[in-house]
There are 2 protein chains.
Amino acid sequence: MKIPRVAFQFRRALSGRQLVYRQYGDPAKSVEMENVSNLAPLSGQVIVRWLAAPVNPADINQIQGVYPLKPPMPAVGGNEGCGIVEKVGDNVKNVEVGSLVIPSHAGIGTWRTHGVHPAKDISAVDKDLPMEFAATLQVNPSTAYRMLKDFVDLKQGDMVVQNGANSAVGRYVIQLCKQWSIPTINVVRSRDNLQDLVDDLNSIGADHVVTEEQLLKEFRGKYKNIKLALNCVGGRSGMLISSLLAPAGYIVTYGAMSKQPLSLPAGPLIFKDIKAVGFWMSRWYDQPENAEKRQEMHDELSTMFKRGELKCPTFEKNSIDDFQKVLEKAQTQFDKKQMFVY
Amino acid sequence: MKIPRVAFQFRRALSGRQLVYRQYGDPAKSVEMENVSNLAPLSGQVIVRWLAAPVNPADINQIQGVYPLKPPMPAVGGNEGCGIVEKVGDNVKNVEVGSLVIPSHAGIGTWRTHGVHPAKDISAVDKDLPMEFAATLQVNPSTAYRMLKDFVDLKQGDMVVQNGANSAVGRYVIQLCKQWSIPTINVVRSRDNLQDLVDDLNSIGADHVVTEEQLLKEFRGKYKNIKLALNCVGGRSGMLISSLLAPAGYIVTYGAMSKQPLSLPAGPLIFKDIKAVGFWMSRWYDQPENAEKRQEMHDELSTMFKRGELKCPTFEKNSIDDFQKVLEKAQTQFDKKQMFVY
């Protein structure tokens, strides 16, 4: 005798824990642990057992209330991660029990051991991906990929310049360009152990690693085919990398680590047709026309990762129980990336 | 008996005077008067008797050597103007003797009473246009027209904000928007006789005329449909007008009167998808694919002018003999626009 599906699933209802916030503020104070139980999927829903979720700057800003994405409160923190589908409701076609999944867009809340989600909010990825890469495929490698694909049609002989080159996105930019035979000029801040960083970035494929001072002295006018500048710093640094651009080049801003506005002289805008635009991965995912490209991109990135052509940053792995300490570290220790592993 | 064309034209060879420069420097010192004689058109050439030519800031910068367009030396000054075709060589199809013409692109040298030009370097315009408008159709009204057409598809209900609103281009922006029912917010610098300027710009169709201070106080967040910001000032003023833009809006830079770089916070670039681009009329004319649009634009602007829908700025008219005084005034008396009338 066939057991009716709803009854069957009710019997196996799950429980879990999640990190929620009810008001904006200091993450370590606003976020609370909450128990949830009797999780069961309705039609079109799934239950995901989350495996891991990073703590990104955007997650912190969201809880502080200074990020443009504002999920309805109370909200579960975290915007990316990966998990296994534990149960599926009726009328779910895109995933099945056992699928390795990631969020389809930001805002679904990944800082939880188990969650009930509309099936459309998650997407299956390659089951063989290691947890750290799957949990971070959604934002950093995808941001690098899209910025390199969507503004300039980079051809052999073209070059890319970027600042903040040792950021998570910057490192993927270096690795993707290496695979695609696009030389990169990578600007980093001067520091005591500069040579270590230079060696590190060279080892993942950087062609040039320079400080702002070296860039000014050695690279002004040197290359005529720099078509794309990627800017996550702003201020004078953004102006510097934009000044290297060939006519009709793009400077794409995706961050502002200096907290200074991008400074753009009129001459390059008017006479060299330089264009300054921004890129936000979340907006891109939200555009329905990108659904197919999204799948292609994630497939391509996953294949590259499995071939060893892309490396994932190292994360400090934390229990959800230590969430207060983890949220504090995410705001103070920028050299270490934090991840919850459930 | 038919007289051979070349011999016929040789007999009627013309002479004239022109303002040339042989080196970059202070225009009033670098520019010299030169007599030319025995002007005769070869195949594909025409002789233009120039009627009038304005002295634009770009003309001055060109002689100073600080403008990106650098005609081969010795060069005749002036980039726009209007004239009458006096003679045509063989194989000239685009104009005829008696045509009222303007340059097809910058750099042909219009500060001269007569010039031999390749026919492709000039274009016929409506013979009924008054001299001042024909001589300035090429740059200012066309710049306003293109900036309003080429970046954002402005629809009823959309708005435009601009700084430097009392510039020559700014005034055409106001008038064109009025005709096209696009409300304008016009930012001007505070000054003693502010109300006179406000009245003046209102009289040509400005919907709002405000100082930067008023803009900040009264307009922030007031209108949700400002799709286009036109920037000829740069610096903080550029940032201010860009901050009013609706998502996916454009800020188009075509000047930098403040001599300060445009300052663009990362937030609007990333999260509001604001795009910062530049516009240079000369580049647009140089693109072969724009030939047809060029004709359409000049026809439309000419028709609007003849209907009284566009007004031309007032020029101080000067003899070519007074060129040194004129070039000095063009660099010091910015409230009066200078024009040579031959």
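Proteins get letters first, then strands, A, B, ... in listed order; numbering begins at 1 in each. Owing to the predicted nature of the structure, the values given are computational and were not obtained by experimental measurement.
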Quick check on the interface: out of A:Pro261, A:Gly255, A:Gly238, A:Pro265, who has the most heavy-atom pairs with chain B under 4.5 Å? A:Pro261
Within a reach of under 6.0 Å around CZ of A:Arg294, are more than 12 heavy atoms found that belong to other residues, nucleotides or ligands? yes
Minimal non-hydrogen separation, A:Ala256 against B:Ala266, with atom names: CB-CB, 3.4 Å
Looking only at heavy atoms, which of residues 64-72 of chain A get nearer than 4.5 Å to chain B? A:Tyr67, A:Pro68
Over 12 foreign heavy atoms within 6.0 Å of CD, B:Glu213: yes
Name, in order of residue number, those residues of residues 270-285 of chain B that have a heavy atom at a distance of less than 4.5 Å from a heavy atom in chain A; otherwise write 'none'. B:Ile270, B:Phe271, B:Lys272, B:Asp273, B:Ile274, B:Lys275, B:Ala276, B:Val277, B:Gly278, B:Phe279, B:Trp280, B:Arg283
For chain A, which residues of residues 242-254 of chain B have at least one non-hydrogen atom nearer than 4.5 Å to it? B:Thr253, B:Tyr254
With a sphere of 6.0 Å drawn around CD of A:Glu292, does it hold more than 12 non-hydrogen atoms of other residues, nucleotides or ligands? no
Could you tell me which residues in residues 217-235 of chain A have at least one non-hydrogen atom under 4.5 Å from a non-hydrogen atom of chain B, sorted by residue number? none
